[in-house]
Amino acid sequence: MELLALAGDETQRRRWLEPLLAGEIRSAFAMTEPAVASSDPRGLETRIELTADTAVVSGRKWWVTGLADPRCAVMIVLGVSDADAAPYERHSMVLVPLDTPGVEVVRSLPVFGYHDQAGHGEVVFHDVAVPSTHLLGPRGQGFRLAQERLGPGRVHHCMRALGTAERALEIACRRALSRRAFGARLADHGVVADQIARCRLELDQARLLVLHTAWLLDTVGARAARSQVAAIKAVVPSVACTVVDRAIQIHGGAGVSDDTPLAAWYAALRTLRIADGPDEVHLRTVARAELRRHEHDA
Ligand SMILES: Cc1cc2nc3c(=O)[nH]c(=O)nc-3n(C[C@H](O)[C@H](O)[C@H](O)COP(=O)(O)OP(=O)(O)OC[C@H]3O[C@@H](n4cnc5c(N)ncnc54)[C@H](O)[C@@H]3O)c2cc1C
């Protein structure tokens with residue numbers, strides 16, 4: 001939705017953004033490819049042949065979130081349109097309706113055995129031709145647009161992760177207060193109290209970092225806040241995973257069963273350390289920004 005709002009022309013917005021906003025359809029974003037390390041988009045192999053009339057897409061994508069949702073009507077596909085251009089000006093984005101001939105949805109990928117968000121799809125584009133008016137944003141600017149979309153998207157991810165971790169801590173506290181072992185409530189064992197305190201401290205630190213980043217996005221924009229967006233994406237999923245992991249431990253066997261939502265939450269949060277870029281790539285962004293500040297001193 002953000003990409004259509006950001007880069008869509010009048011016709012594209014009317015056709016896709018309005019029904020998306022009304023909740024009538026949903027969209028999916030197809031960038032990652034099974035054959036190449038997609039955290040470095042310079043290696044992407046999917047091709048978009050652009051002519052005056054058409055855009056022809058060929059390649060294979062996977063981890064396309066939302067693709068298996070019956071309401072999914074359109075994909076935004078990132079591919080190489082200008083192979084000889086500068087590395088970050090080689091990609092364009094096109095809107096590909098799911099019912100276009102040549103679109104083959106191969107399978108829905110589970111996460112640790114769970115099917116979440118109606119499934120993350122793998123899809124092959126067999127010379128899929130759409131009108132050239134389906135080009136989203138300027139030719140060669142796909143990578144830049146993808147970066148702009150990911151800024152606010154990462155804040156959303158982090159906000160949801162924090163909410164999930166808060167719920168896990170709440171459940172853990174209730175369990176610790178209501179269950180007894182070795183003559184005392186779990187909550188009265190120092191080790192358990194220590195774990196609960198650490199959850200609270202780490203969650204509050206992470207939340208303040210996210211609030212600061214959201215404020216920067218509003219005040220200075222996605223590009224200037226790039227390092228902070230990377231920082232929250234490197235910090236929050238890890239913190240949330242650790243909180244849920246402690247909640248699982250406090251629950252004992254019940255924590256890894258389906259009787260509580262903790263196991264499913266752990267699976268979903270663990271994927272967030274990879275989805276939308278792995279931790280290492282975000283840490284690299286933070287390190288580069290930090291080092292740049294000191295370059296002139298060295
Ligand atoms: C649940 C889920 C949902 C997703 N949804 C979408 C979606 O909707 N659309 C989409 O296009 N993609 C989606 N993805 C894909 C996701 O964005 C990619 O998996 C991610 O960017 C990593 O790419 P890759 O899997 O090719 O890993 P690779 O690029 O092969 O990286 C593998 C590992 O190498 C290491 N690594 C990589 N770069 C560096 C570095 N610079 N320094 C040190 N170590 C490094 C990291 O440990 C990394 O985890 C989703 C993934 C998951 C799990």
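Counting convention: from 1, in listed order, for ligands and their atoms alike. Basis for what follows: all heavy atoms, side chains included, without hydrogens, waters or symmetry-related copies.
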inquiry  = So which atom in F29 and which in L3 form the shortest heavy-atom distance, rounded to 0.1 Å?
reply    =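 Heavy atoms only, the tightest pair is CE1-CD1, 3.8 Å.
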message = For residues 216-237, which residue pairs pass the salt bridge (charged side-chain N to carboxylate O under 4.0 Å, His left out) check, not counting sequence neighbours?
response =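 Only E148-R223 qualify under salt bridge (charged side-chain N to carboxylate O under 4.0 Å, His left out).
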May I have a table of the N/O to N/O pairs between ligand 1 and the protein that fall below 3.5 Å, each row giving the two atom names and the distance to 0.1 Å?
residue  : atom   : partner : partner atom : Å
ligand 1 : 5 (N)  : W63     : O            : 3.0
ligand 1 : 5 (N)  : T65     : OG1          : 2.7
ligand 1 : 8 (O)  : W63     : O            : 3.3
ligand 1 : 8 (O)  : T65     : N            : 3.1
ligand 1 : 8 (O)  : T65     : OG1          : 3.2
ligand 1 : 9 (N)  : F29     : O            : 2.8
ligand 1 : 9 (N)  : W63     : O            : 3.3
ligand 1 : 11 (O) : M31     : N            : 2.8
ligand 1 : 11 (O) : T32     : N            : 2.9
ligand 1 : 11 (O) : T32     : OG1          : 3.2
ligand 1 : 12 (N) : T32     : OG1          : 2.7
ligand 1 : 12 (N) : W63     : O            : 3.4
ligand 1 : 17 (O) : D276    : N            : 3.2
ligand 1 : 26 (O) : S38     : N            : 2.9
ligand 1 : 29 (O) : S38     : N            : 3.2
ligand 1 : 29 (O) : S39     : N            : 3.0
ligand 1 : 29 (O) : S39     : OG           : 2.5
ligand 1 : 47 (O) : E280    : OE1          : 3.3
ligand 1 : 47 (O) : E280    : OE2          : 2.9

Expected list for residues 265-283: side-chain donor-acceptor pairs under 3.5 angstrom, two or more places apart:
residue : atom : partner : partner atom : Å
T271    : OG1  : A268    : O            : 2.6
R273    : NE   : S238    : OG           : 3.3
R273    : NE   : D279    : OD2          : 2.6
R273    : NH2  : D279    : OD2          : 2.9
D276    : OD2  : H157    : NE2          : 3.2
H282    : NE2  : D276    : O            : 3.0
H282    : NE2  : G277    : O            : 3.1

query = Any donor and acceptor pair, going by atom type alone, linking the side chain of H212 with main-chain N or O of L208 inside 3.5 Å?
reply =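 The answer is no, because no donor-acceptor pair under 3.5 Å joins these two groups.
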Validation row: W62, R107 side chains within 4.5 angstrom (heavy atoms) =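 The answer is yes, as the side chains (C-beta and beyond) meet within the 4.5 Å cut-off.
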inquiry  = Under the side chain to side chain donor-acceptor pair (under 3.5 Å) definition, can you give me all pairs with a residue in residues 171-181, not counting sequence neighbours?
reply    =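 As it turns out, the side chain to side chain donor-acceptor pair (under 3.5 Å) pairs with a partner in residues 171-181, which skip direct neighbours, are E170-R174.
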